[in-house]
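See structure below.
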Amino acid sequence: MIPRPPKGTDDILPPASDRWRVLLRAFDDLAERFGYGLVITPMFEATELFSRGVGAETEVVEKQMYTFEDKGGRSVTLRPEATASVVRAYLQGGSSAVFKVAYAGPMFRYEQPQAGRRRQFHQVGVEYIGEPSPDADVEVIEIGFRLLEAVGITDAVVLLNSIGDPADRAAYRELLAAFLTERAGELTADARRRIAANPLRVLDSKADAAVLADAPTPAGHLSPAAAGHIAAVRAGLDAMAIPHQEEPRLVRGLDYYNRTVFEYQSASYQAAQASLGGGGRYDPLAGMLGGPEVPGVGLAMGVDRIVLAMPAGDEEAVLDVFVVAADAGRRTIALELVRSLRAEGLRVDLDLGDKSVKAQFRAADRRRAATAAVVGEEWESGRVTMKDLRSGAESSVDAREVAKWIRRR
RNA sequence: GUGGCCGUAGCUCAGUUGGUUAGAGCGCCAGGUUGUGGUCCUGGAGGUCGGGGGUUCGAGACCCCUCGGUCACCCCA
């Protein structure tokens, strides 16, 4: 019996992975155009990085980390998110300049899997470190929005909120705790337990929505500076024509955020886990990690979820041409043709087995090739038979002009 | 971590009140067409019935445990 993959992990194979390629390429392209370099950080880190950076009181750190002791007795954790690592790398890299980087890769959280929630899942994201301007927030939010657009999700909306600066948050926290204590009788046991530990977390409880409708909101208790910041972000998004809406009860599950928090939703993805991506400003994070105060803002997009939300799309050809050897003796020639066409930059493949012509054509069809090139006795007179696999039309083409013919059709 | 539903070929499923060598469709491979796919016809390969234990003369069907899937809560990407 073949061992199964661990619970909550997936094999992502063709043709399903075709969409992943589209998304990953779109992201890579966007990040480059917006001036973000590539960052690669370890997939596991000292456990302390996350308990300090993400916050010891958070759900992610309390219950969802893959933590283990390595052979040297160190406590290490598979990264549940990337921001803490990137900021750590920035601080240790000795740079004090503005730092813009993009990443892509798997994250790990020990959770009960469900639609759009896996134990190993993939994120692409960017971090804009060292820039306090609200325009940085706008830029980061725009990247996520453009990414969704680029893969065909055109109805995305940015849900936006401000949770204020740490001082605002502390004051608001008192206020909220007082409100929740007063209405404790109407709350679920779960919510009641959190009042003392982390009242902010009660805010997005679905079961307590009725009570929460009357609760004070973070946005209603901002310092003038924080209020000005979020107003500037909103104005920036308006100028960019990026649809956004106020979400007074949006709070992020990680402790390092301040001021701007946001997430993306789309009607094309309706599940319990509706967020396609999210992020926010994290000015306190560098200090929490023991470094100097350095502002930052970032975003993480859930690749698995976005792929689920991507429109079906046409069955596009994934090969420009499939080369067919008419007889076993001409395989070497077929290979030469394949090599020269690949060198031309075309997507080309052939069957390396000793298959019948019929089987080779079947393979061409299944591999979603746009055309087939037959190498047979016509090769002796310098010609190749080209067939358009969609229309079925065939034509005799000069062997040196095959690439040109494929591009011109 | 909690709860509902569900595990029979690669996929979707059928398997009568427990009874001999476990079936279908699709997919896959080959042939029909000694150089032509996507249609059609014929044939073939492929299953320790998720795993373990139990009840029974006999279990794919019943019981227990366990692993996994799925959806929801919680939380988040």
Side-chain angles (χ1 to χ4, degrees), chain A residues 1-10 13 54 58-64 80-83 104-125 144 188-191 193-194 198 201-208 250-254 261-265 269 271-279 298-309 315 322 324-330 351 353 355-379 384-394:
Chain A
M1 177 137 249
I2 303 169
R4 282 186 282 204
K7 181 170 179 157
T9 66
D10 301 293
L13 310 167
V54 174
T58 61
E59 190 85 4
V60 167
V61 170
E62 274 179 356
K63 295 155 73 173
Q64 302 175 346
E81 59 109 45
T83 302
M107 308 294 160
F108 308 85
R109 291 183 197 172
Y110 193 88
E111 298 191 90
Q112 214 49 250
Q114 74 184 74
R117 192 174 73 185
R118 319 296 302 159
R119 287 187 173 178
Q120 175 173 329
F121 61 102
H122 294 75
Q123 291 186 331
V124 295
T188 56
D190 225 32
R193 201 168 338 106
R194 285 198 202 119
N198 195 343
R201 273 214 268 155
V202 180
L203 275 187
D204 51 15
S205 164
K206 289 172 196 168
D208 295 291
L250 177 66
V251 290
R252 306 261 82 202
L254 316 178
V261 294
F262 60 90
E263 71 180 50
Y264 304 85
Q265 291 195 6
Y269 184 63
Q273 314 301 324
S275 164
L276 294 174
L299 122 108
M301 303 298 289
V303 177
D304 312 67
R305 290 183 190 173
I306 295 172
V307 167
L308 288 174
E315 289 283 298
F322 196 92
V324 172
D327 49 85
R330 266 177 256 266
D351 195 301
K355 294 284 179 56
S356 66
V357 171
K358 177 186 184 138
Q360 292 181 70
F361 266 89
R362 241 201 316 263
D365 195 51
R366 260 189 236 110
R367 297 285 305 283
R368 286 194 283 147
T371 66
V374 182
V375 175
E377 51 196 23
E378 62 270 48
W379 183 267
V384 173
T385 302
M386 296 301 302
K387 179 169 186 171
D388 183 312
L389 289 174
R390 181 152 293 184
S391 68
E394 288 193 13

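A, B, ... follow the sequence lines: proteins, then strands. Residue 1 opens every chain.
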How would you label the contact of [X] with the nucleic acid (heavy atoms, under 4.0 Å): base, sugar-phosphate, or nothing?
X	answer
A/Leu276	sugar-phosphate
A/Glu394	base
A/Glu378	base
A/Gly392	base
A/Ala115	sugar-phosphate
A/Gly353	nothing

Look at [X] and [N] and indicate whether a side-chain polar atom (N or O) is within less than 4.0 Å of OP1 or OP2.
X	N	answer
A/Arg390	B/G37	no
A/Gln114	B/C71	no
A/Arg109	B/C74	no

Find the partner of B/G25: check Watson-Crick (N1-N3 plus N6-O4 or O6-N4) and G-U wobble (N1-O2, O6-N3) distances, both under 3.5 Å, and reply none if neither fits.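 B/G25 is paired with B/C11.
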
Do A/Asp365 and A/Phe322 pass the side-chain contact (heavy atoms from CB on, under 4.5 Å) test, and can you show the C-alpha distance, the side-chain angles, and the key distance before you say yes or no? CA-CA 9 Å; A/Asp365 195 51; A/Phe322 196 92; over 6 Å; no

A/Glu377, nearest nucleotide to its side chain (from B/A77, B/G35, B/C29):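 For the A/Glu377 side chain, the nearest candidate turns out to be B/G35.
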
Strictly under 3.5 Å: I want the nitrogen or oxygen pairs between protein and nucleotides 1-7 of chain B, one per line.
none

If you measure from the Lys or Arg side-chain nitrogens to the Asp or Glu carboxylate oxygens, is any gap between A/Asp10 and A/Arg118 under 4.0 Å?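 Here A/Asp10 pairs with A/Arg118 in a salt bridge, since their nearest N and O are under 4.0 Å apart.
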
